[in-house]
Chemist: 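Once you've had a glance at the structure underneath, I'll fire off some questions.
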Amino acid sequence: MVKKNKTPITGITVSKDEDFSAWYTEIINKAELADIRYNVKGFVVYRPWATISIKKMYQKYEELLDKKGHLPLIMPSVIPESNFMLEADHVKGFAPEVFWVSEAGSEGERLSERLALRPTSETALYKMYSYWIRSYNDLPFKRYQSCQVWRYEGKMTRPFFRGREFHWIEAHNCFATEEEAIEQVKEDMEMTYKMLQDEFCIPIIFFERPQWDKFSGAVNTYAADALMGSGKVLQLPSTHLLGQNFSKPFNVKFTDKDGEERFCYQTCYGPAISRIYGAMIAYLGDDKGLILPFDLAPIQIVIIPILIKGKEEIVMNKCREIYKKLKDIYRVKFDDLEESPGSKYYRWELKGVPLRIEVGPRDIEKKQIVTVKRHDGEKAFIKENELDKYLEDVSKKYTNELKKKTLLDFESQIEVCYEQDSAKEAIENGKIVCCGFCSIDMEAYQCAEKIEKDLGAFVRGKRVDHEKHEFATCLICGKPATCTIYIAKSY
RNA sequence: GGGAGUGUAAUGUAGUGGUUAGCAUCCAAGCUUUGGAAGUUUGUUAUCGAAGGUUCAAAUCCUUCCACUCCUACCA
């Protein structure tokens with residue numbers, strides 16, 4: 001018999017609800033997602049288990065972008081300083097976070113011009129766009145690249161959530177009219193819902209960010225917020241209406257049908273895959289470890305033999321037989337190490353493998369297979385000849401079941417407030433406050449500052465999809481409300 | 001950016017100025033096991049985060065740097 005070890009240390013030892021930060025740190029280590037021992041602040045090693053899922057996320061995203069008419073390209077990772085400096089607001093926003101390459105060679109020779117390690121690629125791409133875009137026939141012009149970017153972040157870095165180097169996709173589009181650009185922003189938001197909610201099971205809401213909180217250089221910013229474990233929101237993909245703010249300094253022009261030169265209207269969209277991955281594992285995981293959508297799991301099905309003395313070969317053969325049958329359809333692992341079954345269960349649950357198959361002598365006698373789903377722990381006894389059908393069913397439904405669970409949760413996090421006191425209380429209880437506000441233009445900045453100071457939370461903006469609530473007055477100044485906004489603590 | 005704390009083996013730790021830095025887990029090998037974290041025997045692994053300094057003597061005291069953790073501020 002296998003005895004119980006009272007203090008397992010290979011598993012998660014803290015509860016996600018009680019101490020989210022410690023839980024997150026533990027899961028990063030124990031599920032072997034990232035290694036921070038590289039010892040450069042904000043730069044972490046992505047280990048295979050995370051990298052495989054991240055690549056699959058990229059793949060899904062890229063397929064969708066392709067489908068929506070974007071073409072891929074690859075830009076250099078450095079931007080000459082003179083280029084970087086062309087759009088004033090953009091520079092103001094990003095300059096403090098830029099890593100500069102300023103010397104080279106063993107003698108430390110100074111470069112004639114400093115090179116920015118791109119913190120984002122507007123100023124790299126749009127220089128080229130001015131060459132590539134000549135006429136209305138070139139429009140709409142939609143490009144994206146999957147790449148790393150670098151930002152000299154402050155102190156607080158966390159694997160996946162915030163690094164000084166992170167992995168994303170950036171899409172940069174040009175249009176003849178502002179209307180088309182606005183349509184693109186809508187398409188970006190639809191893509192975000194499709195990816196984040198349907199594929200990655202992260203509930204989000206899109207907000208039009210207040211003017212004081214927009215992307216440096218943009219006309220308007222629309223950002224998705226996700227609710228994380230400790231009652232705070234996390235900014236996920238954002239899409240920006242750039243108007244002609246960049247096309248003018250970068251000279252991105254086209255000749256219209258009447259032979260007149262016009263500046264393009266531009267948009268950019270930046271889903272940070274590494275952060276989305278962090279949000280996903282943080283949001284979906286539980287005290288046993290990771291929970292992953294079926295398509296993203298590096299291993300989808302693990303087969304575990306139950307070996308009883310004298311019957312080892314029967315069991316091993318059955319396992320091999322099942323493995324062989326499944327390996328071309330799913331990502332399957334046959335865990336044939338010399339270890340007790342329980343220890344294997346815990347390991348693969350920690351890793352978030354969606355489905356476990358157990359094969360023991362008793363099952364073989366009954367011609368059945370035992371399966372256990374990770375996300376709800378549901379155990380099923382499947383007739384051997386019905387296994388194919390069952391797995392097909394699980395593989396189709398698993399992610400949906402997961403999504404259903406997570407979506408319900410989100411609405412319950414919102415609390416409608418009419419007074420500052422109740423808003424403060426709601427924020428303290430880890431809720432998102434929904435309330436009336438005077439405006440999201442610069443004139444309302446004072447009210448927003450008061451919210452930051454008094455509530456310790458931030459105005460996330462105006463909900464982009466259908467707004468259910470209406471308010472007569474601004475929560476802070478009491479003036480007539482022009483909009484309904486949401487307030488939350490953020491990461 | 002501001003504050004608080006921590007760095008000893010792959011991991012978690014003991015060691016508060018005086019031999020050869022102790023233990024557990026992991027890892028490796030053997031035997032017995034295996035329906036929710038197996039038992040046992042043996043073995044390998046540490047220039048004590050880095051660089052300076054104080055001292056007859058430093059993991060231990062001092063300085064600087066680096067990294068990590070938590071709170072706060074900022075972003076994707």
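Below, chain A is the first sequence line, B the second, and so on; all start at residue 1. All values below were derived from every heavy atom in this structure, side-chain atoms included, with hydrogens, water molecules and symmetry-related copies excluded. Bear in mind that the values here come from a model prediction, so they are computed numbers and not experimental data.
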Chemist: Find which nucleotide of RNA chain B each of Arg347(A) and Leu307(A) is nearest to by heavy atoms, and output the residue with the more 5' nucleotide.
Modeler: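 That would be Leu307(A).
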Chemist: Looking at rA24(B), which nucleotide sits across from it as a Watson-Crick or G-U wobble partner, both distances under 3.5 angstrom, or is there none?
Modeler: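 Paired with rU11(B).
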Chemist: Looking only at the side chain of Lys41(A) (C-beta and beyond, no hydrogens), which of the listed nucleotides rC68(B), rA76(B), rG35(B) gets closest?
Modeler: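 That would be rC68(B).
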Chemist: Quick one: label Glu358(A) by what it contacts on the DNA or RNA (base, sugar-phosphate, nothing), any heavy atom closer than 4.0 Å.
Modeler: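 Base, at least one base heavy atom under 4.0 Å.
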Chemist: For Ile74(A), is the CD1 atom crowded, meaning more than 12 foreign heavy atoms sit under 6.0 Å from it?
Modeler: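 No, the 6.0 Å shell around CD1 holds no more than 12 heavy atoms from other groups.
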Chemist: Checking contacts here: which listed nucleotide (rA10(B), rA73(B), rA76(B)) is nearest the side-chain heavy atoms of Phe215(A)?
Modeler: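 Among rA10(B), rA73(B), rA76(B), the one nearest the side chain of Phe215(A) is rA76(B).
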Chemist: Under 4.0 Å between a side-chain N/O of Arg158(A) and OP1 or OP2 of rC68(B), yes or no?
Modeler: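 Looking at the OP1 and OP2 atoms of rC68(B), neither is under 4.0 Å from any side-chain N or O of Arg158(A).
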Chemist: By nearest atom, which of the nucleotides rU69(B), rA76(B), rG36(B) is closest to the Ile36(A) side chain?
Modeler: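 Of rU69(B), rA76(B), rG36(B), rU69(B) is nearest to the side chain of Ile36(A).
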Chemist: Among the candidates rU33(B), rU11(B), rA76(B), find the nucleotide nearest to the side-chain atoms of Glu338(A).
Modeler: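 So the side chain of Glu338(A) is nearest to rU33(B).
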Chemist: What nucleotide among rC74(B), rU69(B), rU72(B) has an atom nearest to a side-chain atom of Thr25(A)?
Modeler: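 Selected nucleotide (nearest to the side chain): rU69(B).
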Chemist: Just call it for Glu349(A): base, sugar-phosphate, or nothing, with non-hydrogen atoms closer than 4.0 Å on any strand.
Modeler: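 Base: the residue Glu349(A), judged by heavy atoms under 4.0 Å, touches a nucleobase.
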Chemist: What's the gap between rC62(B) and rU55(B) when it is taken at their P atoms, as a whole Å value?
Modeler: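 About 16 Å, rounded to a whole number of Å.
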Chemist: With a 3.5 Å limit on both atom pairs, tell me what rG5(B) is paired to, counting Watson-Crick and G-U wobble, or say none.
Modeler: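 In the structure as shown, rG5(B) has rC68(B) as its Watson-Crick or wobble partner.
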Chemist: Assuming nearest nucleotide by heavy-atom distance, tell me which of Asn39(A) and Arg151(A) is located more 5' along RNA chain B.
Modeler: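 That would be Asn39(A).
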Chemist: Less than 4.0 angstrom between a side-chain N/O of Lys155(A) and OP1 or OP2 of rG2(B), yes or no?
Modeler: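 No, no such contact exists.
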Chemist: Rounding to an integer number of angstrom, what distance separates rA73(B) and rU64(B) when you compare their P atoms?
Modeler: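 Pairwise P distance, rA73(B) against rU64(B), rounds to 28 Å.
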Chemist: Could you tell me whether Tyr129(A) and Phe250(A) have their ring centroids closer than 6.0 angstrom?
Modeler: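 Ring centroids of Tyr129(A) and Phe250(A) are no less than 6.0 Å from each other.
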Chemist: Under 4.0 angstrom, heavy atoms only, what part of the nucleic acid is Ile276(A) near: base, sugar-phosphate, or nothing?
Modeler: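 Contact class for Ile276(A): none.
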Chemist: Need one value for Gly310(A): base, sugar-phosphate or nothing, where a base atom within 4.0 Å counts as base even if backbone is also close, heavy atoms only.
Modeler: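 Touches nothing.
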Chemist: For the ring pair Tyr58(A) and Tyr61(A), is the centre-to-centre distance below 6.0 Å?
Modeler: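 Centroid distance Tyr58(A)-Tyr61(A): not below 6.0 Å, so no.
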Chemist: Is the ring centre of His240(A) less than 6.0 Å from the ring centre of Tyr269(A)?
Modeler: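 No.
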Chemist: Determine the Euclidean distance between corresponding C1' atoms of rU19(B) and rU32(B); express it in Å to zero decimal places.
Modeler: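 42 Å, rounded to whole Å.
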Chemist: Could you tell me the Watson-Crick or G-U partner of rU63(B), where both distances fall under 3.5 Å? Say none if there is no partner.
Modeler: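 Looking at the geometry, rU63(B) pairs with rA51(B).
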Chemist: Does the ring centre of Tyr277(A) sit less than 6.0 Å away from the ring centre of His167(A)?
Modeler: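 Centroid distance His167(A)-Tyr277(A): not below 6.0 Å, so no.
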Chemist: Any strand counts, and the cut-off is 3.5 Å on both contacts for Watson-Crick or G-U wobble. Which nucleotide pairs with rC74(B)?
Modeler: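 rC74(B) is unpaired by these criteria.
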Chemist: Using a heavy-atom cut-off of under 4.0 Å over every strand shown, decide if Asp363(A) touches base, sugar-phosphate, or nothing.
Modeler: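 The answer is base, as Asp363(A) lies within the cut-off (heavy atoms under 4.0 Å) of a base atom.
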Chemist: Please state the P separation for the pair rC56(B) and rU6(B) - nearest whole angstrom.
Modeler: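 The same atom, P, in both gives a distance of 30 Å.
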Chemist: Taking atom C1' in both rU8(B) and rA14(B), compute the distance separating them and give it to the nearest angstrom.
Modeler: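 That atom pair is separated by 10 Å.
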Chemist: What's the closest nucleotide to the Ala272(A) side chain, out of rG36(B), rA76(B), rU69(B)?
Modeler: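 Closest of the options to the side chain of Ala272(A): rA76(B).
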Chemist: Regarding Tyr24(A), tell me which of base, sugar-phosphate or nothing describes its non-hydrogen contacts under 4.0 Å with the strands shown.
Modeler: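 No contact.
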Chemist: How many whole angstroms separate atom NE2 of His90(A) from atom P of rA76(B)?
Modeler: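 The distance from NE2 of His90(A) to P of rA76(B) comes to 11 Å, rounded to the nearest Å.
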Chemist: Are the aromatic ring centres of Phe381(A) and Tyr390(A) under 6.0 angstrom apart?
Modeler: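 No; Tyr390(A) has its ring centre 6.0 Å or more from that of Phe381(A).
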Chemist: Just checking Pro361(A): base, sugar-phosphate only, or nothing, at a heavy-atom cut-off of under 4.0 Å?
Modeler: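 The residue Pro361(A) makes base contact.
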Chemist: Taking the six-membered ring for Trp and the single ring otherwise, decide whether the centroids of Tyr222(A) and Phe206(A) are under 6.0 Å apart.
Modeler: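 No, they do not, as the ring centres are separated by 6.0 Å or more.
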Chemist: Using the aromatic ring of Tyr345(A) (for Trp, its six-membered ring), decide whether it stacks on the base of rG36(B) within the limits of 5.5 Å and 30°.
Modeler: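 Aromatic stack with rG36(B) absent for Tyr345(A).
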Chemist: Tell me which nucleotide, if any, is Watson-Crick or G-U wobble paired with rC56(B) when both distances must be under 3.5 Å.
Modeler: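 WC or wobble partner is rG18(B).
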Chemist: Can you tell me, in whole Å, how much space there is between the C1' of rC48(B) and that of rG17(B)?
Modeler: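 These two C1' atoms come out 15 Å apart once rounded.
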Chemist: Closest to the Ile308(A) side chain: rC74(B), rA37(B), rU34(B)?
Modeler: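 Closest nucleotide to the Ile308(A) side chain: rU34(B).
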Chemist: So, OP1 or OP2 of rC70(B): does either fall under 4.0 Å of a side-chain N or O from Ser21(A)?
Modeler: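 Answer is yes, contact under 4.0 Å.
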Chemist: Tell me what Arg209(A) touches on the nucleic acid: a base, only sugar-phosphate, or nothing, going by heavy atoms under 4.0 Å.
Modeler: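 Counting heavy atoms under 4.0 Å across all strands, no contact is made by Arg209(A).
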Chemist: Suppose you measure atom C1' in rG12(B) against the same atom in rC68(B); what distance do you get, rounded to whole Å?
Modeler: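 Per the computed distance, 15 Å lies between those C1' atoms.
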Chemist: Determine which nucleotide pairs with rU40(B), using a 3.5 Å limit on both distances of a Watson-Crick or G-U wobble pair.
Modeler: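 Result: rG30(B).
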Chemist: So, do Tyr152(A) and Trp150(A) have ring centers that fall under 6.0 Å from each other?
Modeler: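 When the ring centroids of Tyr152(A) and Trp150(A) are compared, they turn out to be at least 6.0 Å apart.
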Chemist: For Val370(A), which contact category applies under a 4.0 Å heavy-atom criterion: base, sugar-phosphate, or nothing?
Modeler: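 Base, at least one base atom sits under 4.0 Å.
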Chemist: When you measure from the side-chain N and O atoms of Lys309(A) to the phosphate of rU33(B), is any distance below 4.0 Å, counting only OP1 and OP2?
Modeler: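 Answer is yes, contact under 4.0 Å.
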Chemist: On a whole-Å scale, what distance lies between the P atoms belonging to rG15(B) and rG7(B)?
Modeler: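 Rounded to whole Å, the distance is 11 Å.
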